[in-house]
Amino acid sequence: MQYKHQEIEKKWQKYWAENQTFKASDDFSKPKYYVLDMFPYPSGAGLHVGHPLGYIASDIYARYKRHKGFNVLHPQGYDSFGLPAEQYAIQTGQHPAKTTEANITTYRRQLDQIGFSFDWSREVRTSNPEYYKWTQWIFIQLFESWFNNDSNKAESIDTLIEKFSTSGTSDVNAACDDDVESFTAEEWKAFSDKKKQQVLLQYRLTFLSDTEVNWCPALGTVLANDEIVNGVSERGGHPVVRKKMTQWSMRISAYAQRLLDGLNTIDWPQPLKDSQTNWIGRSQGAMVTFEVDGHAEAKIDVFTTRPDTIFGVSFMTLAPEHELVAKITTEEQRAEVEAYVEATAKRSERDRMADVKTISGAFTGAYAIHPFSGEKVQIWIGDYVLASYGTGAVMAVPCGDQRDYDFAKHFGIEIPNIFEGVDISEEAFADKEKTIIANSDFLNGLSYKKAMKRVIYEMEQKGIGYGKINYRLRDAVFSRQRYWGEPFPVYYVDGMPQMIDAKHLPIELPEVEKYLPTEDGRPPLGNAEVWAWDTEKATVVSNDLIDHKTIFPLELNTMPGWAGSSQYFNRYMDPRNNEEIFSKDKIDYWKQVDLYIGGSEHATGHLLYARFWQKFMFDRGYVPVDEFAKKLINQGMILGTSAFVHVYDGGFASRNADSERDSSKNLIISSEVLSLIMKNINLFTDLWKNSPQKEQDIYLKYKIDKDTLLRVKKVYKRLLEAAEKLDYISIAWLRDIFPIRSIHADVSFVNASDELDIEAFKNWRPEFKEAEFVTEDDGTFKVSREVEKMSKSKYNVVNPDDICEEFGADALRLFEMFLGPLEQSKPWKTSGISGVYSFLKKLWKLFYNGDQLEVSDAAPTKDELKTLHKTIKKVEEDIENFSFNTSVSTFMIAVNELTAQKCNKRDILEPLLVLISPYAPHIAEELWSKLGHENTISTVAFPIFDEKHLVESTKNYPISFNGKMRFTMELSLDLNKEEIEAAVMAHEKTQAQLQGRTPKKVIVVPGKIVNIVG
RNA sequence: GCAGAAGUGGUGGAAUUGGUAGACACGCUGGACUUAAAAUCCAGUGGACAGUAAUGUCCGUGCGGGUUCAAGUCCCGCCUUCUGUACCA
């Protein structure tokens, strides 16, 4: 019997589905293991071979853990709300639910054919009402919570109301809006109901606020910071402008410190932790208040990380958008300031970012009062100060900050030096460690650290400032002006948001005619006709019925993409529960994800938001741990190996002098021919110019040998012939230049030896139908290769369907792992797959002799046992270290050795199959059943490594001389150092190496190496 | 600019604590089988030099130094590539 991958793989995929082999049980007595892949978005393009890489790795690990006796949870589902389906709906009018469903079907088929051990009974889809019911539920919980800075955790809003009614705001230390007012308990009690709601909204963990948002006119929506790349939308590259809108936000900033601290408790890749740390952007410093001269009511608050340099302040800079600008600008300066403000507003975010070098600004004419010295300092505006960071104002210390320094130099502002023994004539001095403060009153002579402490103390004494930790992390905008997302469970009474009672959830997405924003600029849900909340019947009713008494309008925004993916990992633990988000006993058993695998692009989006929600859920007692994923691995990207053909792009020598260059007549040159031409371009030009030279002179002039000249002449002749076929005389040869245009060829037309199927290429690209192809000497045409991202536009996409068809899922799985370390990005080359495919055939042949299954029950030999146990050891270590590439090599070595040993012993082959089964599950199941087993191999115990089979009595010692290995020598491991040395010195080759010299030293490391020095 | 990762044959990569550099595979070369091709199998394959040959010598892990009996691996300085991030006060 031959190894027939197609038959075998279909058979076992069917078996697994029918027997629900990979269904995770809720048997709480077994140890659990939770392996999760990052939530896939089912795109219309389907999978390419790069996508399953992480899934294969996690699947191997999941299967391995089953062999190790764990109750494994390995679910899969779909992040099925999202922009592409909606964009498609706008273009075609098709309901996004429909296209999403179709995409999921394709996706599922592709996943199934790779043989993943997913527990599909737990599948979730974020766009299913039964699922988003719980996304809405969490939103309500956030609304009903506030963050108590004193307890450092989220609490029910009731405890805040309690505080307000007993002691007003005096006892409240909360994460809240900046502009909250203070009141007493009596005042609180006297507030109207609406006023109370307004106040509470400033404290809730999800809240409405007028925020400056990133508005993308082309997409008609607001984008989060991480959805913007270089000032344009990540999706589609559309421009983004800043705009004020009323939006739901999430008070993630309350968790900044805990999100930072939590990073120390989880096993995540350092680069990922670093980017979260950066994103959170903690900086320690002080808030300082500056009075403005002549404006008693105006105060400028600044945040600084260098309060120790406060005596170096020689001016202040406000962001052009700062609210005080208009107020304090003097009449003389007004025209200039207004012109500058207008000019900055016009500049797009992108321009501002691209243009970091240009220094610009304007003097307001106003002066601030230095809080310590009482001196007057100029107030400027400049666009290097960002309105959105800190307070939108800085105290400028030109001697200690390069940007302030540059600004001061540019505008001729004074640069006082407050550092001892430092020259600041060329640049600012920012080295904290070497700082000694001078010319600074009470700070003179102090180091950075001491000055910091002292100055903050003085500020607090004088009431002009205080020590503060600032975070870059902004509250996350949670509203999107989209159709295809979770609706908010919110209606509005008198402009105040009200939560719909959790028992009425889900609030389902309404039907709309058009998926675009309404004509008056409301979000797409503004098109819905049945979108009002009847508080008496507790149901969604027609908009006509809105009376603002019992029937109210519903929220028109929807939730962002990250809403559904911030809780799905917990929902998988109990996905069909309609009573609770998950039951307590299940979350207590499964707890958290043990291994999470996915791409690094989610570093500051999904992975930060999900951690935030988890911490919130932990605070409110819903989950037992405050980090959702113990260990995380970023799989690298699989890149494509693009193929290029090179089209000659220069002139031709024509028969008819005034004939135009005909664009349909092309010369396409094979890659090795091309490099010969490039290297010897001047020789070709000389050949064309017909300057006859002696061969000897050519060799000398061009420094080439006879063979090269011969090749050059051959190629030259072929080029002439090709030009002639195109009706030209020749290429118009130019000295030093051979113009070419490189164009992508579809990789499916190229074989393992980089040879192009010319006919296929011509059919694909009809404009080259008439082109002449200049081939290699052997008549083949070679493309050149380059590694690029895998993408349709580069024609280097490889589809896993084709691979599964031709080589099978097992080969695909093995090959993806074999390519290289999981975390690294690496290029895909389909030709390499033949290696793992023939490995599978060799494995098959260990069991089959022709059509005959031949497996012996005889006792294995010592060598066979050694091969087996060395493989067990290595493979187990590899899996534990996620070094899957090396275990594939190990399998190959094992099978090569067993083949050489002609081993067909059951006692060897059975454990070998278990080892291989996580990697190549189909062939393992098939051979396992052929050996007479009735049950699946997937839960058979992993073989146990036994050291005794690897114990050696001798060692083949490498004998080196001055560190260079010269020969090896078989010696007993029982020998001690002296005996080894004696044996080595006695060896004739040693004497030959020494040539009579006496060694200075002989290093003997028993069991390892011998090194003779001298 | 800052942060992180990585530079090893023609290619992907291996060498887990400093101890035989290049495992395993692709590709290539030669051979067997075949009318032929594919598939399969066998042998060789880092470079240079010497030798009919067995074999031997030298060079070799981005570059330059250092530590060590011994360095791809450790230390110092530089170069290149990739990834992330950026007027963050």
Side-chain angles (χ1 to χ4, degrees), chain A residues 229-230 269-275 277-279 281-283 285 302-306 316-317 319 352-353 355-359 382-386 388-397 400-404 406-407 470-473 600-601 603-604 634 636-637 639 641 752-754 785 787 814-815 818-821 823-836 838-839 841-842 845 874 877-878 881 883 885-893 896 956-968 992 999-1005 1007-1014:
Chain A
V229 179
N230 294 329
Q270 197 54 42
L272 201 158
K273 288 185 181 181
D274 290 347
S275 53
T277 304
N278 264 328
W279 195 260
R282 182 186 200 268
S283 47
V302 296
F303 176 74
T304 175
T305 54
R306 295 295 304 273
M316 315 219 23
T317 316
R352 252 168 102 164
M353 277 209 268
D355 182 22
V356 181
K357 296 264 145 47
T358 316
I359 295 163
D383 69 358
Y384 80 96
V385 177
L386 303 178
S388 57
Y389 184 76
T391 59
V394 301
M395 57 172 232
V397 183
D401 181 287
Q402 195 57 43
R403 282 161 322 191
D404 295 344
D406 294 341
F407 194 87
N470 210 33
Y471 298 92
R472 192 175 77 112
L473 184 70
S600 54
E601 67 272 21
T604 49
N634 287 133
M637 213 188 317
L639 304 165
T641 312
S753 315
D754 294 346
R785 295 285 204 167
V787 172
L814 284 169
F815 186 53
F818 189 61
L819 279 177
E823 301 90 333
Q824 266 173 41
S825 55
K826 55 245 158 181
W828 174 275
K829 248 188 129 177
T830 302
S831 54
I833 205 170
S834 64
V836 292
S838 55
F839 157 74
K841 285 191 280 191
K842 278 187 217 165
K845 280 187 188 161
K874 176 82 173 132
E877 282 170 3
D878 284 348
N881 293 318
S883 172
N885 54 325
T886 48
S887 40
V888 178
S889 306
T890 306
F891 292 139
M892 290 176 170
I893 293 168
N896 288 346
N956 199 20
Y957 279 93
I959 314 298
S960 3
F961 292 79
N962 299 316
K964 289 194 179 92
M965 203 280 291
R966 291 304 174 192
F967 60 93
T968 60
K1000 283 193 198 119
K1001 207 173 180 184
V1002 178
I1003 313 280
V1004 178
V1005 186
K1008 283 220 160 144
I1009 197 169
V1010 177
N1011 190 17
I1012 297 162
V1013 187

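Below, chain A is the first sequence line, B the second, and so on; all start at residue 1. All values below were derived from every heavy atom in this structure, side-chain atoms included, with hydrogens, water molecules and symmetry-related copies excluded. Values in this document were obtained by computation on a predicted structure and should not be read as measured data.
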Please work out whether B:G9 sits syn or anti, treating a glycosidic angle within 90° of 0 as syn.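 Syn, angle within 90° of zero.
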Taking the same atom, [atom1], in [N] and in [M], what whole-Å distance lies between them?
N	M	atom1	answer
B:C33	B:G22	P	34 Å
B:A50	B:U35	P	44 Å
B:A21	B:G72	C1'	7 Å
B:G65	B:U73	P	15 Å
B:U80	B:C26	C1'	27 Å
B:A6	B:U40	C1'	39 Å
B:U83	B:A14	C1'	24 Å
B:A71	B:G64	C1'	16 Å

Mark up nucleotides 9-24 of chain B, 5' to 3', with B wherever a protein heavy atom is under 4.0 angstrom from a base atom, S wherever such an atom reaches only the sugar-phosphate, and - elsewhere. ---BSS-B--BB--BB
4.5 Å side-chain heavy-atom contact, A:Tyr957 and A:Val1004: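 Not in contact.
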Nucleotide [N], atom [atom2] - distance to [atom1] of [X] in whole Å:
X	N	atom1	atom2	answer
A:Phe891	B:A25	CZ	C1'	15 Å
A:Gln402	B:C2	CD	C1'	15 Å
A:Phe303	B:C87	CZ	P	17 Å
A:Arg282	B:A89	CZ	P	13 Å
A:Phe815	B:A25	CZ	P	13 Å
A:Trp828	B:C26	CH2	P	15 Å
A:Asn634	B:U83	CG	C1'	11 Å
A:Asn962	B:C58	CG	C1'	15 Å

Gap separating the [atom1] atom of [X] from the [atom2] atom of [Y], nearest 0.5 angstrom:
X	Y	atom1	atom2	answer
A:Ile1003	A:Lys1008	CD1	NZ	14.0 Å
A:Arg403	A:Ile359	CZ	CD1	11.5 Å
A:Asn634	A:Leu272	CG	CG	5.0 Å
A:Arg282	A:Asn470	CZ	CG	10.5 Å

For RNA chain B, report each stem as range with range, ordered by first number, or say none. Use Watson-Crick or G-U wobble pairs under 3.5 Å, at least 3 in a row. B:1-7 with B:79-85, B:10-12 with B:24-26, B:27-32 with B:40-45, B:46-50 with B:55-59, B:62-66 with B:74-78
Ignoring the backbone of A:Pro271, work out which of B:C69, B:A86, B:G4 is nearest its side chain. B:G4
Heavy atoms only: give me the nearest [X]-[Y] pair and the separation to one decimal.
X	Y	answer
A:Ile1009	A:Ser960	CD1-OG, 3.6 Å
A:Val397	A:Asp404	N-OD2, 3.0 Å
A:Phe303	A:Gly285	CZ-N, 3.8 Å
A:Asn962	A:Val1013	OD1-CA, 3.5 Å
A:Arg306	A:Met395	O-CE, 3.9 Å

Expected output: side-chain A:Lys842 to main-chain A:Asn896 donor-acceptor under 3.5 Å: no
Give the ring-plane orientation class for A:Phe891 versus A:Phe839, where under 30° counts as parallel, over 60° as perpendicular and anything between as tilted.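 Rings of A:Phe891 and A:Phe839: parallel, as their planes differ by under 30°.
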Given RNA chain B, 5'-ward residue of the pair A:Val394 and A:Lys1001, judged by closest heavy atom: A:Lys1001
Yes or no on side-chain contact (heavy atoms from CB on, under 4.5 Å) for A:Lys826 and A:Val787, after CA distance, side-chain angles and deciding distance? CA-CA 9 Å; A:Lys826 55 245 158 181; A:Val787 172; over 6 Å; no
Is there any protein nitrogen or oxygen under 3.5 Å from a nitrogen or oxygen in nucleotides 36-47 of chain B, and what are the pairs?
{"residue": "B:U40", "atom": "OP1", "partner": "A:Lys841", "partner atom": "NZ", "Å": "3.1"}

Base, sugar-phosphate, or nothing: which does A:Arg966 touch, judged by heavy atoms less than 4.0 Å apart? sugar-phosphate
